[in-house]
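Chain identifiers are assigned alphabetically (A, B, ...) following the order of the sequence lines, protein sequences preceding nucleic acid strands; residue numbering begins at 1 within each chain. What's counted below: heavy atoms across the whole structure, side chains too, no hydrogens, waters or symmetry copies. Just so we're clear, the structure is a prediction, and the values are computed from it rather than from any experiment.
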Number of protein chains: 2
Amino acid sequence: MRKEKRAEQRETLRRELDARGAHMTSQRAAVFDYLGQVEHHPSAEEVYLAVKRKLPKISLATVYKNLEKLVECGVASKLSYGDASARYDIRTDHHYHTRCLGCGSVHDFDSAQGLELLRQIAPADGFTVKDYRLELLGHCRKCSR
Amino acid sequence: MRKEKRAEQRETLRRELDARGAHMTSQRAAVFDYLGQVEHHPSAEEVYLAVKRKLPKISLATVYKNLEKLVECGVASKLSYGDASARYDIRTDHHYHTRCLGCGSVHDFDSAQGLELLRQIAPADGFTVKDYRLELLGHCRKCSR
DNA sequence: ATTCTTGCAAAAGATTTGCAAACAA
DNA sequence: TTGTTTGCAAATCTTTTGCAAGAAT
């Protein structure tokens, strides 16, 4: 990822933290940066192990607290719809996920017409749709052989 | 639900159990029947509490084991994409769910054109789509006031 | 100076497992 | 009779919480 992009993301984070009277800490920044660096959507455990390499003293509880804070600030989202642990995603714009039935990996995919098509699927009877969650289950390139 | 339908479901269960050398027990039947009776998608805990009224000696572990076995037999499915505990659903045909952001309830909804529309959303690059999971988040009739 | 965050350990909630006795085939 | 299932308790896994010390504003 380009440097400008990272700086821009950091600014957004700072703004959102300020708006809530929250502080910026090295642990929080590290968790945030890691989410921004990886292509996939890691579990809290994975974030912990990764950030630990830079900040050996960090605890798993701190990682959980920070992930929750990031979601609260709207700079990350939690993908709880898996079988095991929750995954975290730095994107908050509308997109969907693929989940490999072989290795369990979760990845993004975008669809230009997606939202429009989903709107056509919406039910009527009294339910007000606020958001869509779409996950494609199948096999990734590696696992399909 | 009509009696014939219940009997038909039981037959399917029996067939699938036999095919796997599994046994039919009163606990297993009770768990299965409860799933077939309710309109919503209960958690293991709820199934446990309900079945306990008929079989006071049943344990939560047994309920978990049976729910897993039913999924394994293809006569129920597990809806793990929530924030808290998993939900179980006796339907295995293709349909979708609504999840209320207010009360957390999960319900079915069918869509005639759904599958066709979803196919149009599918990504290309090396991912083989086996199934779709679509959940609509919003507010049910009760919670939207 | 004040408020927030950290790290630790303990707690909590959901689910799984080991095992001897009970049950279904 | 043989293999499966049950019920119990203990174990496991993920996530949350209480709290005193440390860091950010």
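- The only option from Tyr34(B), Tyr88(B), Phe32(B) that meets the side-chain contact (heavy atoms from CB on, under 4.5 Å) definition with Val47(B) turns out to be Tyr34(B).
- Under the 4.0 Å criterion applied to side-chain N and carboxylate O atoms, Lys78(B) and Asp89(B) are not assigned as salt-bridge partners.
- Atom pair Leu13(B):CG and dA24(C):P shows a separation of 15 Å (rounding to whole Å applied).
- Between the OH atom of Tyr48(B) and the C1' atom of dT6(D) there is a distance of 13 Å, given to the nearest Å.
- Computed from coordinates, the Met24(B) CE to dA24(C) C1' distance equals 11 Å when rounded to whole Å.
- Taking 4.0 angstrom as the limit, Gln27(B) places a side-chain polar atom (N or O) nearer than this to OP1 or OP2 of dG7(D).
- OP1 or OP2 of dA24(C) has not a single side-chain nitrogen or oxygen of Thr25(B) nearer than 4.0 Å.
- Going from atom NZ of Lys52(B) over to atom C1' of dC8(D) covers 12 Å, rounded to whole Å.
- Atom pair Asn66(B):CG and dT5(D):P shows a separation of 8 Å (rounding to whole Å applied).
- For dT5(C), neither phosphate oxygen OP1 nor OP2 lies less than 4.0 angstrom from any side-chain nitrogen or oxygen of Arg20(A).
- Lys69(A) has its NZ atom 19 Å from the P atom of dT15(D), to the nearest Å.
- Between Tyr64(B) and dT16(C), a side-chain N or O to OP1/OP2 separation shorter than 4.0 Å is absent.
- Per the geometry, CG belonging to Asp18(B) stands 8 Å off P belonging to dA25(C), to the nearest Å.
- A donor and an acceptor atom, one from each side chain of His40(A) and Asp108(A), are nowhere located under 3.5 Å apart.
- Looking at which nucleotide of DNA chain C each of Glu45(B) and Ser59(A) is closest to, the 5′-most match is held by Ser59(A).
- Nucleotide dC23(C) holds its P atom 19 Å from the CG atom of Leu17(B), rounded to whole Å.
- Set against dT4(D), dT15(C), dG7(D), the side chain of Lys57(B) has dG7(D) as its closest nucleotide.
- Comparing Lys65(A) and Leu60(A) along DNA chain D, the residue whose closest nucleotide (by nearest heavy atom) sits nearer the 5' end is Leu60(A).
- Residue Ala61(A) has its side chain nearest to dT17(D) when only dT6(C), dT17(D), dT6(D) are considered.
- Side chain to side chain, Glu135(B) and Tyr132(A) fail the donor-acceptor criterion of an N or O pair below 3.5 Å.
- Tested against Arg15(A) for a side-chain contact (heavy atoms from CB on, under 4.5 Å), the candidates Thr12(A), Leu17(A), Asp18(A) yield a single pass: Thr12(A).
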